[in-house]
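All remarks here apply to the structure that follows.
Keep in mind it's a predicted model, so treat the numbers as computed, not measured. Each chain gets a letter, A, B and so on, in the order the sequences are listed, and its residues count up from 1.
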2 protein chains.
Amino acid sequence: MLPFDPPLTLLIVDDHFVFRAGLKAVLSLRRDFEVVAEAGDAATAVEAFHKHEPRMTLMDLRLPDRSGIEALRAIRKENPAARVLMLTTFDGDEDIHRALEAGACGYLLKSVPGQELLRAIEAAALGKRYIPPEVQRRLEERATFGELTDREREVLPLVVKGLTNKDIAGILGFTEFTAKAHVRSLLAKLGAADRTELVAIAVQRGLVHLE
Amino acid sequence: MLPFDPPLTLLIVDDHFVFRAGLKAVLSLRRDFEVVAEAGDAATAVEAFHKHEPRMTLMDLRLPDRSGIEALRAIRKENPAARVLMLTTFDGDEDIHRALEAGACGYLLKSVPGQELLRAIEAAALGKRYIPPEVQRRLEERATFGELTDREREVLPLVVKGLTNKDIAGILGFTEFTAKAHVRSLLAKLGAADRTELVAIAVQRGLVHLE
DNA sequence: CCTGGAGTTGTCCTTTCGGACAATGGCGCA
DNA sequence: TGCGCCATTGTCCGAAAGGACAACTCCAGG
């Protein structure tokens with residue numbers, strides 16, 4: 001593999017100072033990689049991207065200003081050719097799916113070994129989509145479930161908050177029967193026996209986030 | 001602050017290669033800190049501790065062989081004077097509590113800046129317990145809730161799995177009434193209106209872990 | 001134009017929940 | 001010895017949940 005010339009410019013986005021230091025340490029093993037900027041939150045990330053126009057961005061999914069995927073979208077909106085590699089701990093297949101749909105050119109786990117990280121960046125910079133087998137597997141499992149509708153996505157977080165069908169109906173402005181219908185559909189689509197299990201599955205799969 | 005002489009020997013335990021690299025990079029800023037070993041899982045960690053007898057151990061809570069706190073316990077059992085600093089992303093107050101109870105000499109968030117990390121290690125090595133204010137706050141909030149009984153700790157995961165009171169009773173070998181009583185008690189102690197909210201709270205607080 | 005999916009609103013019926021209250025036995029601690 | 005906490009088992013009751021159906025509207029896609 002030929003080295004990048006000029007060097008591959010990189011933007012690092014992660015709210016963990018120590019992890020950023022680790023990335024820089026690993027990336028410094030390649031003379032043809034150059035970290036031109038780093039950011040610890042989404043707003044700074046978008047700004048830094050605009051300023052430095054890096055050829056590759058490494059982005060954490062979980063950022064303090066609660067986005068990561070939003071930052072990805074903002075960056076891809078500014079430059080649709082931008083290459084962004086998501087780098088995160090496992091967050092459920094929904095997050096992976098959303099990241100790839102938003103145009104990420106790969107999805108690495110933070111547990112990635114150094115060599116694989118370098119290879120993934122190289123592959124992504126050359127236009128390939130780098131997705132590790134374990135992530136791929138999760139995505140395929142996911143495909144067996146149907147997509148959720150917009151309404152279902154509105155109802156689900158309310159169920160997770162412990163609200164009753166009547167409460168949900170009041171908030172979203174329809175009758176209890178409608179709420180029941182949506183919940184019934186959610187149970188079927190996610191394979192849950194009742195709303196309690198629904199919460200566990202939804203959280204595990206990253207369809208909703210607690211806090 | 002006087003430098004450590006001989007140098008402070010350190011063991012690093014974290015399953016993320018990149019994060020370990022970051023730790024080493026930050027720690028190398030102190031000439032009197034010396035990383036003598038590192039481990040990516042609990043078993044290796046205990047082994048490395050036995051072999052190198054480091055004066056300080058930095059340990060991630062979440063390890064692939066599903067322990068972290070177990071590794072902490074194993075290490076403290078071998079050497080009750082061992083100093084172990086937990087270093088992790090937020091995992092709910094229950095994990096913090098269990099770690100400190102098991103003898104951790106501090107609990108840092110992975111988002112910790114480099115300087116604070118170095119200061120925390122220094123403080124912990126000198127016998128102080130380093131706990132950042134945000135973690136302290138979480139622990140105090142927690143104190144307002146009562147401790148769970150052993151039975152409640154058995155029942156809770158089953159509730160989270162979506163089982164009914166009757167199912168739970170069958171598994172644990174008592175009647176549905178007893179299951180109801182425990183669930184009622186859990187609802188009261190954790191401040192949940194129903195078992196759906198109970199799941200959300202239990203997961204958020206780290207009383208149960210999904211997967 | 002017609003089909004299908006989504007969203008909406010219902011009914012009927014059985015099961016489950018959760019609150020209030022009460023009673024028993026055990027075990028530790030003062 | 002007695003008090004309190006825990007675990008256990010109940011009863012009664014109203015509210016909520018969830019399955020099985022059915023029907024209507026709207027709208028996009030073939």
Residue mapping more 5' on DNA chain D - nearest nucleotide basis, B:T149 or A:V183
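In this pair, the answer is B:T149.
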
Would you mind telling me which residue lines up with the more 5' stretch of DNA chain D, B:T178 or A:T164, judged by nearest nucleotide?
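On the 5' side of the pair lies B:T178.
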
Residues A:K77 and A:E70 bridged, charged N to O under 4.0 Å:
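No, this pair does not count.
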
Look only at the side chain of B:D95 and the backbone of B:R98, and say whether a donor-acceptor pair between them is shorter than 3.5 Å.
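Side chain of B:D95 to backbone of B:R98, a donor-acceptor pair under 3.5 Å: no, none is there.
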
Keeping B:T9 on the side-chain end and B:R55 on the backbone end, is there a donor-acceptor pair under 3.5 Å?
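Yes.
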
Rounded off to whole Å, could you give me the [atom1]-to-[atom2] distance for the [X] and [N] pair?
{"X": "A:K180", "N": "C:dC13", "atom1": "NZ", "atom2": "P", "answer": "14 Å"}
{"X": "B:R184", "N": "C:dC17", "atom1": "CZ", "atom2": "P", "answer": "12 Å"}
{"X": "A:L198", "N": "D:dG18", "atom1": "CG", "atom2": "C1'", "answer": "13 Å"}
{"X": "A:F177", "N": "D:dA20", "atom1": "CZ", "atom2": "P", "answer": "19 Å"}
{"X": "B:L172", "N": "D:dA7", "atom1": "CG", "atom2": "C1'", "answer": "12 Å"}
{"X": "A:L163", "N": "D:dA15", "atom1": "CG", "atom2": "P", "answer": "19 Å"}
{"X": "A:E147", "N": "C:dA6", "atom1": "CD", "atom2": "C1'", "answer": "14 Å"}
{"X": "B:D194", "N": "D:dG18", "atom1": "CG", "atom2": "C1'", "answer": "15 Å"}

Among the candidates [options], find the nucleotide nearest to the side-chain atoms of [X].
{"X": "A:D150", "options": "C:dT8, C:dG7, D:dT9", "answer": "C:dG7"}
{"X": "A:R195", "options": "D:dA17, D:dA20, C:dG18", "answer": "D:dA17"}
{"X": "B:F174", "options": "C:dT9, D:dT9, D:dG18", "answer": "D:dT9"}

Given that both pair distances must be under 3.5 Å and the pair must be Watson-Crick or G-U, what runs of three or more consecutive pairs involve DNA chain C?
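DNA chain C stems, ordered by first number: C:1-30 with D:1-30.
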
Determine: side-chain N/O of [X] to OP1/OP2 of [N], distance under 4.0 Å, yes or no.
{"X": "A:H182", "N": "C:dA6", "answer": "no"}
{"X": "B:R151", "N": "D:dT8", "answer": "yes"}
{"X": "A:K166", "N": "D:dA15", "answer": "no"}
{"X": "A:N165", "N": "D:dA17", "answer": "yes"}

To the nearest 0.5 angstrom, please state how far the CD atom of A:E101 sits from the CZ atom of A:R73.
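Rounded to the nearest 0.5 Å, the CD-CZ separation comes to 7.5 Å.
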
Check for me whether A:K110 meets the cation-pi criterion with A:F19, that is, NZ or CZ under 6.0 Å from the six-membered ring centre and within 45 degrees of the ring axis.
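Satisfied, under 6.0 Å and within 45°.
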
A:A124 and A:C105: which non-hydrogen atoms are nearest, and at how many Å?
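Closest heavy-atom pair between A:A124 and A:C105: CB-SG, 3.8 Å.
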
For a 4.5 angstrom cut-off between non-hydrogen side-chain atoms, does B:L207 reach B:L190?
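In short, these two side chains touch, coming nearer than 4.5 Å.
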
